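See structure below.
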Number of protein chains: 2
Amino acid sequence: MVTISDIARLSGVAKSTVSRYLNGGSVGSDTRIKIEKIIRETSYIPNSFAQSLKTKRPNIIGTVVPRLDSYASSRTLMGIDEQLRTQDYEMLILNSNRDPRREVENLYSLARQKVAGIILLATEIGPEHTAAFRELQVPILLVGQQYSGIYSLIHDDERSAYDLCRLVLNKGHRRIAFLGVSERDQAVGVGRKIGFIKAVSEYKDANAICYETGFGIEEAQIKAEEIIRQNRPTAWVCATDNIALGVMKAAHNLGFRVPDDFSVAGFGDYEIAGIMHPGLTTVKFFYQETGRMAASCMMKLVNGQPVERVMHSQYKIIERESLDIPFVL
Amino acid sequence: MVTISDIARLSGVAKSTVSRYLNGGSVGSDTRIKIEKIIRETSYIPNSFAQSLKTKRPNIIGTVVPRLDSYASSRTLMGIDEQLRTQDYEMLILNSNRDPRREVENLYSLARQKVAGIILLATEIGPEHTAAFRELQVPILLVGQQYSGIYSLIHDDERSAYDLCRLVLNKGHRRIAFLGVSERDQAVGVGRKIGFIKAVSEYKDANAICYETGFGIEEAQIKAEEIIRQNRPTAWVCATDNIALGVMKAAHNLGFRVPDDFSVAGFGDYEIAGIMHPGLTTVKFFYQETGRMAASCMMKLVNGQPVERVMHSQYKIIERESLDIPFVL
DNA sequence: ATATTTTTCGGAACCGGTTCCAATTATATT
DNA sequence: AATATAATTGGAACCGGTTCCGAAAAATAT
C-alpha cells in the first residue's frame, strides 16, 4: 500500500508538505506539480484511519437497524440520510438482523468507531441494551421505542391504535379481532394493543379478541385462517400492514370478500396498501419524515442543544376501501 | 475521551500491558484485576481507528447500494451480510440514493477506509465509475450489471426476459406491450428489453410495442393508463414487479380485469406478487441467494483465488394467475 | 543594496493503539 | 541452593496521517 511517506520520498519533499498539498495548504507551484504527478502515478489514496486518529471525525452518525428488508426501516433510513447530508454528516448503517445480541454488539462497534451519535431503530430493549446505554459515552436516540432516561422518538402507537379502532367501531363493527405481535415489542406489540383495547372498552356492546402472530405475511395468513375457522369477527385490526395482507389473503383463500364479509385495517401504509384492491385502511406513519426528525434531533444532541426526552412523530389514518362498506351485522 | 494510556496510568502499568490484557495476552492475575477495575470505572472503549492503523483490518467488505427502499437491494444486502458473517467478515453499507456522483464518492470513501473489497449494486456505469475501478486498488464486484474487465455477478436479464415472453406468446398473446425503464440501466433497461424483442421476433404474427417509464408504481400506473387509452395490448411484460403493479392498478382504474381483459407479467417476485389477487406471474431472481454468492465470490477475490469474470445468478419463472386464462383473441 | 514581510518547506511531536524485545520475576528441575 | 525455564512486564518503535514551529527562500518594501 502506498502511503504519504512514499509520496514524499518519490517527490523529494517532506511528508508534511504532501499533507499540506492534500489539505489545500500553501505549496509552491513546482512542488505542487511534482506531488500531483506522483500521486496520480501511484494512485495514492489516503488512509482514513490515520486521518481520523489525529483529526477525529465528529461528522458520522451511526444507525443500527433490526432488519434491512422492512419498509419502515428503509424509509426511516432514507429520511435520516437525507437530513444528515444537508448538514454534511455521514450515515453509517449497521444491520443486526433481528438479533438482540448483534444489536448490542453493533452499538459497541459504533462507539469504538467514535461516531458522533447513534440512532437505534429498536425493537426490544433488554438489559444488555440498557447497560450499553449507560456505558457508551455517545448521544443515543431511540426511534420507534421508548426507554426511560433515553432520548426517544416514537410513533404514537397507542393513540393511533385508539383512533383507528374508534373508526372501526363507528362503522358499526362490534365483534373485532386484533391480530398483534409479541409483547416483547413494546411499541408494536403493547402500545397498539392497548390503544385498541381502550377504544373497544368504551363500547359496552363491543367485543374484542386479541391474537398474536409474527411479522411475516404468510405467518399471519395461516394464523388468520385458523381464527376464521373458529370465530368470525366482522372486522380485523392488524398490528402491521403485512399482517393485514395476510388476513386479506386468508379471507380470499376461504372464500370471503373484503370488505363485504369483513373489514380489515392495518398500520404502516406500505406502498402496496394504496395499490391493491381493495385499498387497505391503515395508519400512515411518515417514516421518512420520522427519519429526518431523528437526524435533526441527533444534530441537536451532538451540538449540546436541548432536546425533549420523548418526541412523537406524526401519523394519519388513511381510509380506503377495506373498511368501506358499513353492512348490517 | 479516555485512552489506553489513561488506563495504564491509572492502574500503574505500561500501556503495552493494558493492550496485552485487552487482547488476551499473558497478564498476571493481580494486574488483571487492577486493569479490569479501572476499565470498568472509566467505561473505556478502544478507538478502532487507532487499532486498525497498526493491525489493518482485512475483514470488512464495503457495499454500495443505489437505494435503500428497494426489494432487490435489501434482499441482496441480507444475503451478503449473512454470508459474510459466516466468515467473520463485516459489512459496511453506503447509500448513494440513486445519485451517480455519490456512488463514485462512496467507492473512494470505502477505499480510504481500506476495506478488503467492494460490492457495488450498480445501476448505471459512467466514465467516473470506470476511472474509479481503474484507480482503486481494491477488489470490486459488480452485482446486477456487467462491465468489461470488472468481476460481475449478473442476473440473467436477457434470457429470463426471453423465457418469460415465450411463455406469454405460448398463451396465445400476439399484441404485447413491454413497459421498460431507461436504457441507461444496462441490465433492467436494455437486457430485459432485448430478451423480450428476441422472443417476439420469432413469431411472425406477433406484435410488440415498447414503452418506457420509471421505477415507481404510480409513474407506471399513469403511463399504463395513457397507453391503454390509445392502444389495447392483450398482454403486458413489465420490467419490474412494481411496474406490473402499476399496470394492474391502471387496468383496474379503467374498468378492466386481469387476467380476463389482459395478462400481466413482471420481474422480481416481490413478496406482494404471491399475496395479491390475481397473483403476479413473474421472474424470481433469488436476490438473497445472489447476495450470498456475491459475498462468497468476494471472499475468493480477497484471498486471491480464481474467480470467473462474469457469473450468473439463478432465476425461475413463477406462474400465477395474472397470466392464467388463455382467452380467445 | 539592504531590510522586512510573506511564502514555502522540513523536522519533530503527536493521535491511540499494537508488537517486538529485553529485563525482571516467579516457578520448576536437578 | 543453584540453575533452567516459563510467565509477566515495561520501553521503544511503529502504523499513516496532521499540525506546530522555526528555518530557508522568495517576494516586496525601503
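Keep in mind that what you see is a predicted model, and the values were worked out from it rather than measured. Every chain is numbered from 1, with letters handed out A, B, ... down the list of sequences.
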**Q.** B:Arg102 vs A:Asp81, salt bridge (charged side-chain N to carboxylate O under 4.0 Å, His left out): CA-CA, chis, key distance, verdict
**A.** CA-CA 12 Å; B:Arg102 260 187 88 177; A:Asp81 184 63; 3.0 Å; yes
(Q) A quick test of your reading: do over 12 heavy atoms of other residues, nucleotides or ligands sit less than 6.0 Å from CD of A:Glu41? (A) yes
(Q) Side chains of B:Ile154 and B:Gln145, heavy atoms from C-beta outward: is any pair under 4.5 Å? (A) no
Q | Centroid separation B:Tyr287 to B:His155 less than 6.0 Å | A | yes
Q: Extract, from 5' to 3' on DNA chain D, the first and final nucleotides lying under 4.0 angstrom from some heavy atom of chain A.
A: D:dG16 to D:dT19
Q) So what does A:Thr55 touch, heavy atoms closer than 4.0 Å: a base, only the sugar-phosphate, or nothing? A) sugar-phosphate
Q: In plain terms, say whether A:Asp69 and A:Arg98 are close enough for a salt bridge, that is, a side-chain N and a carboxylate O under 4.0 Å apart.
A: yes
Q.
Could you check whether B:Arg309 makes a cation-pi contact with B:Tyr151, meaning its NZ or CZ is under 6.0 Å from the centre of the six-membered ring and within 45° of the ring axis?
A. yes
Q) Does atom CZ of A:Arg9 have more than 12 heavy-atom neighbours from other groups under 6.0 Å away? A) yes
Q) Given A:Glu82 and A:Gln288, is the side-chain hydrogen bond (donor to acceptor under 3.5 Å, both in side chains) satisfied, shown in steps? A) CA-CA 9 Å; A:Glu82 193 186 313; A:Gln288 197 163 352; 2.9 Å; yes
Q: Check each of B:Leu110, B:Leu121, B:Val143 against B:Val64 using the side chain to side chain contact (heavy atoms under 4.5 Å, CB included) test, and report the only one that passes.
A: B:Leu110
(Q) To the closest 0.5 Å, what do you measure between CD1 (B:Ile60) and CD1 (B:Ile118)? (A) 12.5 Å
Q: For DNA chain D, find the residues of residues 35-44 of chain A with a heavy-atom distance under 4.0 Å and give them by number; none if there aren't any.
A: A:Tyr44
Using a cut-off of under 3.5 Å, enumerate the N/O to N/O pairs linking the protein to nucleotides 7-12 of chain C.
{"residue": "C:dC9", "atom": "OP1", "partner": "A:Thr31", "partner atom": "OG1", "Å": "2.9"}
{"residue": "C:dC9", "atom": "OP2", "partner": "A:Gly28", "partner atom": "N", "Å": "2.4"}
{"residue": "C:dC9", "atom": "OP2", "partner": "A:Thr31", "partner atom": "OG1", "Å": "2.8"}
{"residue": "C:dG10", "atom": "OP2", "partner": "A:Ala14", "partner atom": "N", "Å": "2.8"}
{"residue": "C:dG10", "atom": "OP2", "partner": "A:Thr17", "partner atom": "OG1", "Å": "2.6"}
{"residue": "C:dG10", "atom": "N7", "partner": "A:Ser16", "partner atom": "OG", "Å": "3.1"}
{"residue": "C:dG10", "atom": "N7", "partner": "A:Arg20", "partner atom": "NH2", "Å": "3.2"}
{"residue": "C:dG10", "atom": "O6", "partner": "A:Arg20", "partner atom": "NH2", "Å": "3.3"}
{"residue": "C:dG11", "atom": "O6", "partner": "A:Ser16", "partner atom": "OG", "Å": "3.2"}

